[in-house]
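Source: prediction; values computed, not measured. Proteins come first, then strands; the chains are lettered A, B, ... in the order of their sequence lines, and each starts at number 1.
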Amino acid sequence: MTNLRTDYCGELRTADIDRTVSVCGWVDRRREHGEHLAFIDLRDHTGVIQCVVDEKHDLRSEYVVRITGSVRPRLEGTVNTSLATGEIEVGDCEVEVLSVSEPPPFPLHDRVDVDENIRLRYRYVDLRRAKMQRGLRLRAKVNRAVRLAMDRQGFVEIETPMLVASTPEGARDFVVPSRLNPGSFYALPQSPQLFKQLCMVGGVDRYYQIARCLRDEDLRADRQFEFMQLDAEMSFVGQDEVFACIGEAVKDAVEAATGERPGPIATMTWLDAQERYGSDKPDVRFGMELTELTDAFAHTESKVFTVPCIKGINLEGGADSLGRNAIDELTDKCKRWGAKGLAWFRVRAGGNGAVALEGALTKFMSDAEQAAVVDRLGCADGDLALIIADTRRTANHVLGLLRLELGRPPVNEGGLNFLWITEFPLFEALDEAGSPIPAHHPFTMPHPDDVHLLDEGGNALLDVRSLAYDLVLNGWELGSGSVRIHRGDIQSRVFGLLGIGPEEAEAKFGFLLDAFRYGAPPHAGFAVGLDRLVALLAGEENIREVIAFPKTQSGGDPLTNAPSPIDDRHLEELGLRVLPPAT
RNA sequence: GGUCCUGUGGUGCAGUUUGGAGUGCACGCCGCCCUGUCAAGGCGGAGGUCGCGGGUUCAAAUCCCGUCAGGACCGCCA
């Protein structure tokens with residue numbers, strides 16, 4: 001078949017006037033004026049062009065047609081300035097219906113939000129919408145920019161397997177039964193982590209891949225079972241070189257998407273982020289930083305404030321914008337988030353030009369304590385002071401969530417605020433037995449300044465920093481990485497602390513430890529979540545909007561009906577039997 | 001594992017608080033009219049398991065319990 005098309009709908013301009021063109025696409029909208037005049041907006045991925053049909057026809061929404069006619073200027077006074085093709089139209093049209101269509105299951109314009117279930121069930125229709133087309137093409141642009149940047153910086157693209165061994169640590173694995181080895185299973189990779197480290201041992205020097213990663217954990221607006229990462233690893237470098245190379249790729253991607261190149265990416269330590277923003281992925285597009293009040297309540301008479309940590313935030317104008325019901329709801333949320341309660345005070349101008357706190361708890365607070373709250377939070381007349389008194393961890397966590405709840409701008413406002421978060425703790429907590437739980441993976445290099453703390457054990461371990469780092473964009477965790485342990489002695493020590501003996505280490509990670517016995521270069525790496533990056537660049541708060549065929553929050557696909565049962569013969573071949581549902 | 005929101009012709013909503021006939025709005029769809037519209041316009045029409053199941057009641061879209069689906073979040077995501 002020869003090409004049916006001479007031009008794309010959205011690309012015709014006044015320069016094409018007098019040309020005879022053939023355009024192909026979907027009938028977007030019809031404006032009928034009887035048998036002798038109809039305006040057909042024909043749509044393809046580039047946009048729409050008005051075609052004037054002056055003979056009898058039977059065109060309906062979403063019919064696929066080829067229209068051949070001549071480009072001509074629109075009559076005076078009928079130019080549509082809100083359309084790129086609005087100065088012209090295709091006239092003397094010959095219409096060829098290539099495919100008919102039932103009426104679409106939902107409107108294809110962007111003026112209404114259609115139910116997610118219906119959009120996904122008819123995703124092929126949904127994808128025709130201009131917004132979705134933009135998302136897909138933006139994603140392709142980002143992928144391309146990233147590939148070019150990594151290639152330019154000497155990274156080698158290497159594919160790693162999708163059928164891998166299950167490892168007990170980390171997220172829940174998706175698992176694939178082995179037909180040839182009944183009772184044994186492959187796992188789908190949570191990330192190419194171990195393979196990329198093996199590449200370093202293998203002398204690759206600089207590896208990258210746009211890798212599909214799979215984790216069987218609950219879905220969120222920014223999380224799907226399957227997601228794409230720019231995955232990279234480098235030999236003979238430390239954190240700074242990783243930041244430079246990944247930063248270059250990310251900036252290239254942003255520039256390709258927006259036309260503007262971001263400036264240098266600032267760095268903040270994990271501890272700083274926790275204390276100032278109550279999060280390891282601070283959204284620095286707005287202020288409302290967490291303020292320390294603990295010492296101001298050192299001599300408190302109140303039980304509420306007799307706690308290890310007191311911190312607060314100030315909501316400007318909150319005394320007037322939030323009613324009692326809204327504040328009660330906030331209190332409930334704080335409790336659900338793990339706090340014992342929320343101490344709140346309306347700030348009102350007093351008689352002497354100063355401001356004073358109003359709230360149920362003021363009668364248990366000294367003048368000095370109240371003054372400290374006003375002073376440190378920077379409260380002004382009409383503000384609302386919100387204070388959490390709890391453990392330091394809980395106070396930071398809950399205030400961090402409260403801050404986002406009350407102050408976070410819409411996703412497409414405030415520009416792109418990248419941030420490297422460094423010096424993540426090596427251990428997250430101690431388990432019942434007093435053994436530390438790793439915060440990252442067990443191959444993360446401890447911070448050289450804190451190695452001495454490893455000998456102390458106990459709670460001192462929680463102060464051990466690591467050479468692990470994250471990239472954050474507007475409050476989203478865009479990616480993470482670390483400098484890896486490449487020396488057997490340090491690795492044994494960390495395994496020892498984690499309660500992993502030599503035998504267990506051998507069983508779980510033997511192949512990697514084996515590899516490290518044969519000359520492992522110092523290496524470090526990173527992985528950037530591309531779905532999230534593209535979503536933020538598209539101004540979307542849900543990554544489904546930039547994924548062609550995503551799953552719903554419960555992990556289903558309304559289009560294909562996955563997941564679905566398989567028949568008994570299939571199960572038998574795999575050596576599997578399905579248990580009855582638990583009661 | 002948990003919390004919250006939503007579910008009403010094809011689509012988006014109102015109606016649910018305070019029970020009283022499937023009532024309404026916009027878009028779409030079907031038919032007719034219409035030669036310059038562009039979210040075309042006019043007239044007429046069709047289209048409903050009020051997600052599903054149970055309960056309370058003389059009576060349930062509305063109240064109660066359960067369940068399913070979609071969404072947001074906490075936990076989880078080394």
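- For A/Leu75 and B/C38, the CG to C1' distance is 13 Å, given to the nearest whole Å.
- No contact: A/Ala38 has no heavy atom under 4.0 Å from any strand.
- Under 4.0 angstrom from either OP1 or OP2 of B/A40 there lies at least one side-chain N or O belonging to A/Arg31.
- Pair assignment for B/U23: B/A14, on the basis of Watson-Crick or G-U wobble contacts that are both within less than 3.5 Å.
- Residue A/His397 has its side chain nearest to B/G75 when only B/G36, B/G75, B/A72 are considered.
- For A/Ser554, a side-chain nitrogen or oxygen approaches OP1 or OP2 of B/G70 to under 4.0 Å.
- A/Asp54 comes within 4.0 angstrom of no nucleic acid atom, judged by non-hydrogen atoms across all strands.
- For the pair A/Lys333 NZ and B/C73 C1', the computed distance is 9 Å after rounding to whole Å.
- Residue A/Arg336 is classed as a sugar-phosphate contact, given heavy-atom separations below 4.0 Å to backbone atoms only.
- Between B/C76 and A/Arg215, no contact under 4.0 Å exists linking OP1 or OP2 to a side-chain N or O.
- Using cut-offs of 30° and 60° for the angle between ring planes, the A/Phe495 and A/Phe443 rings count as perpendicular.
- Which of B/A72, B/A39, B/C77 sits closest to the side chain of A/Ala171 comes down to B/C77.
- As rounded to the nearest Å, B/A61 and B/C43 have C1' atoms that lie 33 Å from one another.
- Spacing between B/C68 and B/G75 at atom P, rounded to whole Å, works out to 24 Å.
- Between A/Gln553 and B/A72, a side-chain N or O to OP1/OP2 separation shorter than 4.0 Å is present.
- Distance from the side chain of A/Thr552 is smallest to B/G71 among B/C29, B/G71, B/C76.
- Taking atom CG of A/Asn117 as the reference point, atom P of B/U6 lies 18 Å away to the nearest angstrom.
- Under 4.0 angstrom from either OP1 or OP2 of B/C74 there lies at least one side-chain N or O belonging to A/Arg220.
- With A/Phe286 as the aromatic partner, A/Arg403 meets the cation-pi criteria of under 6.0 angstrom to the ring centre and within 45 degrees of the ring axis.
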